[in-house]
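Here is the structure we will look at, set down as structure tokens.
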Amino acid sequence: MDKQELIKKLEEQARVLRRDIVEIVGVGLPGHIGGSCSSADIVTALYFYKMHLDPKNPKKIDRDRFLFSKGHAAIVQYAALAELGYFDKSELKKCKSLGSILQGHPDYRKTPGVEANTGSLGQGLSIGLGMALGLKLDNIDRKVYVIIGDGEIAEGQIWEAAMAASNFKADNLVAILDNNELQATGPIAERFNTNPLIPKWESFGWNVIEINGHDMGQIIDALDEADNVKGKPTIIVAHTIKGKGISFAENAVEYHNGALTQEAYEKALAELSC
Amino acid sequence: MSYTNQRIAYGNALVQLGRENRNIVALEADLGKSTMSHMFQQEFPDRYFEMGIAEQNMASTAAGLSLTGKIPFIHSFAVFSTGRAFDQIRQTISIGRLNVNICGSSAGLSDFGDGSTHQSVEDIAIMRAIPNMTVFCPVDANETGKVVRAMAEIDGPCYIRINRNDYENVTSEDTPFQVGMPTVLKDGSDIAVFAIGIMAVKALEAAKALEGKISLKVINVSTIKPLNAQAIIDMAKDCKAVITAEEHNIIGGLGSGIAQALSKECKPIEFIGINDTFGCSAHSYDELLDYFDLTPESIIQAAQRLNKSKY
């Protein structure tokens, strides 16, 4: 497939995932729409382009691993897993209901394709490092991809993991920072400023790639570039828009974990229809 | 009587396990010469991860290693491996029911010189309260190796509480160990003393001192969770009263567990332990145990009170 065709196909897939997100959240109950939509293009590129996976054999040893450290955005991962056939798409509508295999945050024991329990913020990068070290011990040439949030990096453990990953030269660990600039209560730069990001990660010994996190071409180029980095972990700092793809939810803090009215639900679905 | 050390027994057992199973890995937070994880490092440098003084990252990294099929043992002093890394142990390791094994070394008051910041009076309570967690407190060095072996085999998280100091073995290398099964160290008929760790040694001393006056049955409860309630009931059945003895806060530890197990048995219970206070520095372990009344005399006095009372 030529690159333009691939990008087009992935963009279409991302639209489908965003539509799934809206359907999962539904009407009247809160859901993490904003952070799921900001990660949607990256998640699409990972699941539908980059990662070596086998949905029929989710535990296949020779596979890449994905962790959503910002686990509250799990619904976009659930959408991807359902689209790939890890479980039936009918499960999506049961998300967060009693007895559902799809919990409010990723659950390794309940959801096929989920690699670890995450959601207590700041821990996913460390878990990913452990996986990366385990894969190296077994000489399995696969990668571990971890999406972290820009609000999340206020957690001290992120920086413990950042130091440890470069200490262990974990070049099979790739972090993607979903830099949507909003945390639960408002703009990060105003609430608790975590900038400047690039020099911070560079000084912790990481290879840093900066991209527009909604430009599919840039996303796949960055993921490919990370393959060629040896001796250090890579972080892709992806500038994103919270709520991307749903006009009224873009940069709107109330959709960090907000409910949709019937009218808003229909408007969102209409915007995300082809 | 052989005086041995749980930490060395732990290190030896981990090395032996490492020889048998290449999936065993160890993670350390700069206390390897104290926890004795450095013994594993010497033989298996590639399977040993010095994580720096960063217990939280160590715990979550161990979770990741476990998810690639490794069987990690993580190490620090009990107060840090349980307290500093609590959320990491809870969130990914325990909810995920991962085979991550947590070593709480220098537990209780056994790091006598370092004082309250380094002495764990609440580690058992913390670990007991986490669903999916198995909690061990081996009674002596001989039992420690058997517990380490069991931890690797249990498909879920385990915590082991290790004493820093030398003291005598009360079991032999051949004494059978079964997860979840309390064992009678000395039979008796008047009062059942359920004890963990070094307090089992103190209980045996108390039993000897009371010989001919009050008959104490001394029981080693090295698996604190899951606590085998039926075995506890059966072992206490012929005794009129019960004593629990632990080097831990009386809130949330062995005593709480035993009291819950015996809640329908209508037996009076006395709790010997640390009375909801923090530790402090002392020049010797024995001096500190005396200061906190973790002594045979305390058990003797409790037995005398229970023996006199008409319940």
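Chain A is the first sequence line, chain B the second, and so forth, proteins listed ahead of strands; every chain is numbered from 1.
Centroid-to-centroid, the aromatic rings of B/Tyr10 and B/His75 come within less than 6.0 Å. Checked against the 6.0 Å centroid threshold, B/Tyr48 and B/Phe44 do not count as a close aromatic pair.
A/Asp150 contributes a side-chain N or O that, together with a main-chain N or O of A/Asn180, makes up a donor-acceptor pair within less than 3.5 Å. B/Asn5 places a side-chain N or O within 3.5 Å of a backbone atom of B/Arg164 that can act as its donor or acceptor partner.
Annotation: residues 131-146 of chain A contacts chain B through A/Met131, A/Leu133, A/Gly134, A/Leu135, A/Leu137, A/Asp138 [non-hydrogen atoms, separation under 4.5 Å]. At a heavy-atom cut-off of under 4.5 Å, chain B is reached by A/Arg65 from residues 57-79 of chain A, listed in order of number.
When all heavy atoms are compared, the tightest approach of A/Ala222 to A/Ile209 is O-CD1, 3.7 Å. The shortest non-hydrogen separation linking A/Pro112 to A/Ile101 is CD-CD1, 4.2 Å.
Contact count against chain A (heavy-atom pairs under 4.5 Å) is highest for B/Lys70 among B/Arg90, B/Arg47, B/Met51, B/Lys70. Taking chain A as the reference chain and counting heavy-atom pairs below 4.5 Å, the highest number among B/Ile93, B/Leu98, B/Leu65 is found for B/Leu65.
Residues A/Tyr108 and B/Ile95 are not in side-chain contact: their nearest non-hydrogen atoms beyond the backbone lie 4.5 Å or more apart.
Counting only N and O atoms by type, the side chains of B/Asn99 and B/Asp155 include no donor and acceptor under 3.5 Å apart. For the residue pair B/Asp87/A/Gln123, the side-chain donor-acceptor check at 3.5 Å is satisfied.
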Please tabulate, for side-chain N and O atoms in residues 56-63 of chain B, each donor-acceptor pair with protein atoms closer than 3.5 Å (sequence neighbours left out).
{"from": "B/Gln56", "atom 1": "OE1", "to": "B/Gln88", "atom 2": "NE2", "distance (Å)": "3.3"}
{"from": "B/Asn57", "atom 1": "OD1", "to": "A/Ser126", "atom 2": "OG", "distance (Å)": "2.6"}
{"from": "B/Asn57", "atom 1": "OD1", "to": "B/Thr61", "atom 2": "OG1", "distance (Å)": "3.4"}
{"from": "B/Ser60", "atom 1": "OG", "to": "A/Gln157", "atom 2": "NE2", "distance (Å)": "2.8"}
{"from": "B/Thr61", "atom 1": "OG1", "to": "A/Ser126", "atom 2": "O", "distance (Å)": "3.4"}
{"from": "B/Thr61", "atom 1": "OG1", "to": "B/Asn57", "atom 2": "O", "distance (Å)": "2.7"}

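Only the side chain of B/Arg22 comes within less than 4.5 Å of a heavy atom in chain A; its backbone stays farther off.
When the ring-ring contact (aromatic ring centres under 6.0 Å, His included) test is applied to A/Phe168, the partners found at least two apart in sequence or on another chain are B/Phe49.
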